[in-house]
**Q** 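The structure is given below, and queries will be raised subsequently.
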Amino acid sequence: MKTSRVTKLMAFEGLKRAEIEEARAGEIIVLSGSRTVTIGETIADLENPVALPPIAVDEPTVSMTFRVNDSPFAGLEGST
């Protein structure tokens, strides 16, 4: 358990960020002031520090398959 101070709390309104006073469970937020918080950790009240069990989050991966275009329309020009 670590103690830190949050300096700014922001939420998303569309693609823009807006500063907010509080956030609820399930909201995607931006937290400023603590470099030690990572995905899967619980941020709790200092007076009631009850943490959820930590979760494991896999690293993002991308998978692509490249193939020859063998459709019946391969190589044919479209008409306008």
**Q** Please tell me whether Val68 and Met64 are part of a single hydrophobic cluster in this structure, the criterion being side-chain heavy atoms less than 4.5 Å apart.
**A**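 Each belongs to a different hydrophobic cluster.
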**Q** Counting only pairs under 3.5 Å, give me each side-chain donor-acceptor contact of residues 40-53, with atom names and distances, residues two or more places apart or in other chains.
**A**
| unit_1 | atom_1 | unit_2 | atom_2 | d |
| --- | --- | --- | --- | --- |
| Glu41 | OE1 | Thr38 | N | 3.2 |
| Glu41 | OE2 | Thr38 | OG1 | 3.4 |
| Thr42 | OG1 | Leu52 | N | 3.1 |

**Q** Are Val6 and Ile29 connected in a single hydrophobic cluster, I mean Ile/Leu/Val/Met/Phe/Trp/Tyr linked by side-chain heavy atoms less than 4.5 Å apart?
**A**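 Yes, it is one cluster - the side chains of Ile29 and Val6 are joined through contacts under 4.5 Å.
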**Q** What pair of heavy atoms forms the shortest contact from Ala74 to Asn69, and how long is it?
**A**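 So the two residues come closest at CB-O, 3.4 Å.
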**Q** Please list, chain by chain and in numerical order, all residues satisfying salt bridge (charged side-chain N to carboxylate O under 4.0 Å, His left out) with Glu27, sequence neighbours excluded.
**A**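 For Glu27, no residue satisfies salt bridge (charged side-chain N to carboxylate O under 4.0 Å, His left out) once neighbours in sequence are set aside.
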**Q** What residues, two or more places apart in sequence or in another chain, satisfy side chain to side chain donor-acceptor pair (under 3.5 Å) together with Asp58?
**A**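 Listed in chain order: nothing, the list is empty.
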**Q** With sequence neighbours left out, what residues match Asp70 under salt bridge (charged side-chain N to carboxylate O under 4.0 Å, His left out)?
**A**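 Testing Asp70 for salt bridge (charged side-chain N to carboxylate O under 4.0 Å, His left out), a comparison that skips the adjacent residues, returns Arg67.
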**Q** My understanding is that only residues two or more places apart in sequence, or in another chain, count here; which of them pass side-chain contact (heavy atoms from CB on, under 4.5 Å) with Ala56?
**A**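 Testing Ala56 for side-chain contact (heavy atoms from CB on, under 4.5 Å), a comparison that skips the adjacent residues, returns none.
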**Q** Would you please name every residue forming a side chain to side chain donor-acceptor pair (under 3.5 Å) with Thr61, sequence neighbours left out?
**A**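 With sequence neighbours excluded, Thr61 shows a side chain to side chain donor-acceptor pair (under 3.5 Å) to no residue whatsoever.
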**Q** Can you list the other members of the hydrophobic cluster that holds Leu76, where links are side-chain heavy atoms under 4.5 angstrom apart?
**A**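 Phe73, all in the cluster of Leu76.
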**Q** Name the atoms and distances for all side-chain donor-acceptor pairs under 3.5 Å in residues 8-21, with sequence neighbours left out.
**A**
none

